[in-house]
Every structure is written in structure tokens, then in C-alpha cells.
Amino acid sequence: MTDSPSFSASDNALLSKPPVAAQRPKALVTHGDQRTDPYYWLSDRNKPEVIEYLEAENAYTAAQTQHTEALQQTLYDEMLGRIQETDLSVPYRYGGYYYYSRTEEGKAYSIHCRKRGSLDAAEEVLLDENVLAQGHEFFSLGTYEVSPDQTLLAYAIDTQGDERYTLAFKTLETADLERGDKSADKTGDNTHSLLTESISNTSGVAWANDNETLFYLTLDEANRSFRVWRHRLGTSPDCDQLVYEEKDEAFYLSLGVTLSEAYILVSADSKITSEVRFLDANRPDEDFRVIQPREKGVEYSVSHHPGSGVEESRFYIVTNDEAVNFKLMMVPVVDPSKGEWKSVIPHREDVMLVDVDVFADHLVIYERERGLPTIRVQELSTGDVQQIDFPEPTYFVTDGFMREFSSHILRFRYGSMVTPSSVFDYDMNSYERELKKQQPVLGGYDQSQYVSERLIATATDGTEVPISLVYKKGIHKKGISTDGPNPLHLTGYGSYGYPYPVTFSPYRLSLLDRGVVCAIAHIRGGGDMGRRWYEDGKFLNKTNTFTDFIACAEHLIAEGWTSADRLAISGGSAGGLLMGAVVNQRPDLFKVAIAQVPFVDVVTTILDPDLPLSVMEWDEWGNPNEPEFYQYMKAYSPYDNVTAQDYPNLLITAGLNDPRVSYWEPAKWTAKLRATKTDGHQLLLKTNMGAGHGGASGRYERIKEIAFVDAFLLDCLGLGEL
């Protein structure tokens, strides 16, 4: 056993060498197999020595990166100089108002506003996040929902980073509404009244149409949203009625209201199964009814159309029931669990149906085809279909925020690695699109000076894996240029069926302008190429995620884009697991790896039912209480597979209040790497002591974090000169 040293962040002698965590072996026995964890004690944050260790690591990291402070400042100034600090979102119309948010120079958070009837009307400030954030190291706005009659606002805030939000209410009119006691408004606007009632530990709300009843979710000890409550404004939350409790620990709840505003929906979801309940929003005191009882492996989501003329009210349901890539069905609202489900869009092997939006006269269909997102619009009365085209070889598109069911305008957001995020309004009657706003990029950004491509790598089993690539003109592959291999930054995720978005980042320009090629590996485990792409990278196929990423790196090297000594990789959360797995398997392939809030102690975490990444995650990773899954997961778990070998330069980050990946996973991994690896490369742990999974809050602090990470990356690649 190694005794723990007395850590001191101010001890200069300790800053020249890394902290050494105590080794206190703990035997963990599962299925007769014993794992020995020397750093298990780091999971108890209530021990002063744990906090001392994290602070000592932070002090060591600060000392080891002190030489990059000028570069960090330069990068920060560049990044800040590219964003328009005083800016305005594209307003959307709802209930006779135009809603929008804006930012002001020097202020870290958004200000939420509206105008009545016209954009030329006087501005009404509804919520100023900067006021709410005062006195807090961390601040996050969660729920922000205006009541159907536009007179009330429900909003929720988190000041710890643990994603447990406190729900509050305020009036949005100056007249006395007699809705209970009111206090002075501390949300940034003195013309409104802040209601005294508040509800802690929440996660989502939905208004009923009476503008007095509101449904909300609360969390259990594992941060799982598991209860739905009914609250009536002006009454004590202690009197709120429990509407539904989800007892299966593999399921979590979400709340929503259909675009038609006719129904409130409660969705219970595991990673592979869904069950949706619905309630007439005009009858909030009634009971929720199940649309279709849960069936293991069957997922579905629900939209509503009230019907017109002889047509009856109906639900549109996207489901994977006997349809791996999902299909669209329709069923009458009157009794959906027993009614006849009719096919609207059949299953297709080569196209994945992602979602639909149901408007009064149109059906908007979001799909993925050949690894790219697409949008089709179908006119309900005629069945005519329009395809919205997008010009670039690799891009990102998603729906915009719209609240009016009767509208014939579809709003969507489009961008690519060279095209700044752009908001379009598409007229579903005339087929015309209008650019409402493109993300401003200050400092003379010229899109024509950057190139975006799509490459294909071949995995070990012959599967073709796409790579999205961006670089500045003048960059060439080896053999064309005499400058040698390019520095290259490769990132990926590959979990939960999440397609990695090919978006524009003004912050990325600081790398591109220094000659760094940036790439995204669209590996299995994500949803980039459809549902089967996801299934081929989960459970007992999870190692495909890692070998795909390695294949992408090898392809970029083989094709002359870079070399192993100029290749940097990064990933966060489950993407941090990816980083841990690939540096264990192929440490020779990378010069530097950045793992942000990495999920690396896979087996220990998922075996603990009290942690967020446990029971709910069994449908993603497998249940290690079953021997086959236990052995498979143990074989790739980054923490369990640290070995005595040379590793790349490593920067690892954590959040002390992280409710998704506990701080001790990256901390333990760092300690074990430091005690085991055989090289002299950098190994740094940086823990945000006042934040959670998403890192620092406020745009300026976020930019500082990005600049710190990029400075480390550039320094390791030999590009640290100003």
C-alpha cells in the first residue's frame, strides 16, 4: 500500500512533478472474477484528501501549461473576436407575440424577450439570465415555457451543474392576476411579478390549456426523471398530486405538448423501448392514457393532427416495430391502443426515418440517407411530396423552433464545416426558401478559402466508414506539398445512435488557420448511417466503434493527410470512452489525445445501480450482471485495461458536480495511467470544481476552456508558437 502524500496546491515543489495518488487496493468480485481497484477511494468526494488530490492535479496542470498562457490568451482573443457579442436570434411567432433572445457585449448569458404583434413593437424583457446568474460560479437555464395564454412563464435554473433544476414562475403582465403571493422580480425585469412558489429537483414541464395547471418531472437519486406531478398555480407544491411514477429503473420520463397544443405527452423510454401516455390538454384533471403498452425492443414517438372536415383526430407514430429503420403509422386518437394502425411511410432498408413534424396542412419528414440528413415535405390533402435539397458533400440540418400548428412556414437550420449556421424559412406552399440569418463570423471570414470533403475509410471487416474533413486551401496531401504531413485533429463519438453533427465552429478557425486539418469519424455505434449502424456498434459489437476509429486514423495517414506524430484525437463523455479504448489499443497511432469528462470505468460504474450510468445503460452497453457482457465490457473498459506501455500526450477533464460521468472516473484513470505508463509524455487532469458534464457556464468561460484545450493540442503538435 502506498500512503497518500499531503497535497498542497501552493507547494512549489509539488508543481514540478505530478501528484501521486495513494494505492489502496479494493477487491471487486463479479461472477467469481476478481478485479483489483487501487484508486476506488477517490469515489468518495466527502473525504478531504479526495478534494486535495483534485486540487493538486489542477495546480500541476496549471504549472505544466503555464508556458502556453500567452497562446491561450491569443486563441481566446481570436475566438472572441470572431463572434458578434451583441446579437439577436431569429424571432418566432407564438400566440400573437414574437419571441427571441439576444446577447450583449460583455454579458455572458442570454436575455429573453418578446414583442407584441409586430417586430416594430416595444421590447418586453421576460428573463435576463445575467441577473439570475449573479453570485453563482455556474448557471444554466433549463425549462423556459410560456403558458398558452402568454401571461405566465415557467422557468428552471441550475447553479451547481448537477442538472437538478429549481422551477419558478412569473407573470408576464402588469395587472394583478391574483395567482397567489408575489415577490420582487429578480429575473431582470421589474414590470413582472415573481410568484413565491418554487419546486426543486425538477426536469421538464408542460402547461395545460387552462393556464393554471402545470405538469413537471422530478428526479430520483440516480438523476433519473421518474415521477410526473400535477401542480396548480397558487397552491403549495407540498399539495401537488403524483400523476405517474416509473418504477422500472431502466426507463426515464420526458414531458411534452403536441404542436397542435391538444395533448400533453409523457414518454417513458429506455435505450430500446418506449411507452407514451397522453392527456387532453383541455382536461388536465383527468388521467393519462397509454397509446401503446411497452414491448421490449419497440420504440415509438408521437405527433398529433386534430383532423378537418370528415377526418378524425389522429396520432402519427414513428416506430421501429418490425422496421429497423423506423416507419410512420397513423391511428385514431379515440382508442390508439386498440385501433387500426395504418401505414403512412413504410420501412425502407436504405433510409432511416428520424422524426416527423405535423402541421395543419403538411407533414415534415426528417430522414437520413447515405449518411446525410434530409427533409421532405408532404402536403396532407394531395399527398404531393417536396424534397428540400442541400448543396454540400457533408453538412448538418435540423428543424428550427416553430410553435404555430397552422403555419405553412417550416423553419430549419443548416450548416457545414465551412458554412456558418444558417436559419431558413421554407414556404411549404410555394416551395421557396428564405435565409433569415446566417451566424455572423467577424474578422473577415472568407468561406471560399476553406474546403470540406467526405472521405471513406475501410474498417477491419470491410465496412465503409465515412469521414468528414475540413481544411484551409493550400493544404495538400503528402507528396504534393514539400512541407511533410499535416497536423490533423480527429474526433468521434459512436454511441447511443447519435449522428455526429457536421457543424460550423468559429472557434475551429484558429486550428485551421494554423494549418491543422480537422476531421470527424462517423463510426459505428452512432446513427450516422442508419439504425443498423448503431446496432453494429453496441452491446457485443461495441468494439467496432473503436476499430472503426482506428481505421479512420490509419486511412488518413495512408492517404497522406497526416502522420502518427502529427495526429491529435479528442472525444467527450462516451467519446471519452472511445479515446480511452483506442489509446490502450493503439497508443503508437496518436501524438496527443484529449478525453473530456470520459466514461472510462465502464464495468464498475454500470454494476452500481445507484449511479446514473448503470441500470438505464444496460440497453446500450449490456448488463454486466450477465457473465457474457461482463467479460466483453471488461475487455475494453479503458480503466481496466491500462497497461505498462508508452501512451500519447494526454489531457483529461472532469466536472466535480457531473451527474452523468462522475468526476472519479477521469480521476482514477489519470492516477492509474500515471502509475503504470512507461513514457515521459504529458498527462494532465483538469477538474472544474464548480461545474458538471458540460463544463463551465457562460460563453466567455466556455471560450476560455476551448482555448486551453486547443493550446495544449497545438503545443503537443509543435505549433505552440504565437
Side-chain angles (χ1 to χ4, degrees), residues 69 71-91 99-113 125-144 155-163 165 187-189 396 398 400-401 413 415 417 420-423 437-443 445 491 501 503-513 570 572-573 594 596-597 653 655 657-658 686-713:
E69 286 180 354
L71 176 59
Q72 291 177 47
Q73 186 63 50
T74 297
L75 292 170
Y76 176 84
D77 292 340
E78 289 176 7
M79 294 173 184
L80 184 60
R82 293 191 188 100
I83 68 171
Q84 187 165 297
E85 293 187 67
T86 299
D87 204 0
L88 186 75
S89 70
V90 180
Y99 289 87
Y100 58 95
S101 63
R102 57 181 177 83
T103 54
E104 294 181 1
E105 184 175 352
K107 294 184 177 181
Y109 299 94
S110 295
I111 303 167
H112 301 270
C113 313
V125 176
L126 306 184
L127 206 66
D128 187 339
E129 293 184 38
N130 300 284
V131 175
L132 290 167
Q134 288 177 3
H136 300 291
E137 182 179 350
F138 179 91
F139 174 82
S140 174
L141 178 67
T143 288
Y144 175 83
Y155 68 95
I157 64 171
D158 168 20
T159 57
Q160 301 297 319
D162 59 4
E163 300 178 29
Y165 289 83
T187 62
D189 180 63
F396 174 77
T398 187
F401 192 71
R413 189 178 298 273
M417 298 179 86
S421 179
S422 306
V423 176
K437 181 175 183 175
Q438 186 172 86
Q439 174 186 4
V441 184
L442 307 185
Y445 173 67
T491 189
T503 54
F504 178 85
S505 170
Y507 310 131
R508 189 190 292 129
L509 295 175
S510 289
L511 296 180
L512 297 177
D513 289 347
S570 71
S573 194
I594 298 163
Q596 295 171 298
V597 291
T653 70
N657 299 327
D658 192 337
K686 184 179 177 67
T687 303
N688 191 318
M689 304 299 285
H693 199 63
S697 66
R699 54 181 174 168
Y700 300 114
E701 292 302 313
R702 286 199 186 100
I703 295 174
K704 287 180 183 178
E705 287 191 341
I706 296 170
F708 175 83
V709 170
D710 283 1
F712 178 82
L713 182 153

**Message:** Testing R413, Q438, K437 one by one against S422 for a side chain to side chain donor-acceptor pair (under 3.5 Å), which residue passes?
**Reply:**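 Only one of R413, Q438, K437 forms a side chain to side chain donor-acceptor pair (under 3.5 Å) with S422, namely Q438.
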
- Task: Mind running side chain to side chain contact (heavy atoms under 4.5 Å, CB included) on R102 and D87 for me, showing each step along the way?
- Result: CA-CA 6 Å; R102 57 181 177 83; D87 204 0; over 6 Å; no

- Query: Are Y144 and Y99 close enough that their ring centers fall under 6.0 Å?
  - Reply: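 For Y144 and Y99, the ring centres are not under 6.0 Å apart.
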
Checklist entry - When you measure from the side chain of D162 to the backbone N and O of N657, does any donor-acceptor pair fall under 3.5 Å? => result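 No; judged by distance alone, with no hydrogens or angles, the pair does not exist.
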
Report yes if some heavy atom in the side chain of [X] is under 4.5 Å from a heavy atom in the side chain of [Y]; otherwise report no.
X: I83; Y: Q439; answer: no
X: T653; Y: I594; answer: no
X: Y109; Y: L132; answer: no
X: L713; Y: V709; answer: no
X: E104; Y: I111; answer: yes
X: L141; Y: L127; answer: yes
X: R82; Y: S510; answer: yes

*asked:* Which residue in the set M79, Q72, E78 passes side chain to side chain contact (heavy atoms under 4.5 Å, CB included) when paired with D710?
replied: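 Answer to the side chain to side chain contact (heavy atoms under 4.5 Å, CB included) test with D710 among M79, Q72, E78: M79.
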
* Asked: Could you go step by step and tell me if N130 and Q134 meet the side chain to side chain donor-acceptor pair (under 3.5 Å) rule?
  -> CA-CA 6 Å; N130 300 284; Q134 288 177 3; over 6 Å; no

Check: Between H136 and Q160, is a side chain to side chain donor-acceptor pair (under 3.5 Å) present by the stated rule, with each step listed?
Finding: CA-CA 8 Å; H136 300 291; Q160 301 297 319; 5.9 Å; no

* Start with the C-alpha distance between R702 and E705, add both sets of side-chain angles, then the distance that settles salt bridge (charged side-chain N to carboxylate O under 4.0 Å, His left out), and finish with yes or no. => CA-CA 5 Å; R702 286 199 186 100; E705 287 191 341; over 6 Å; no

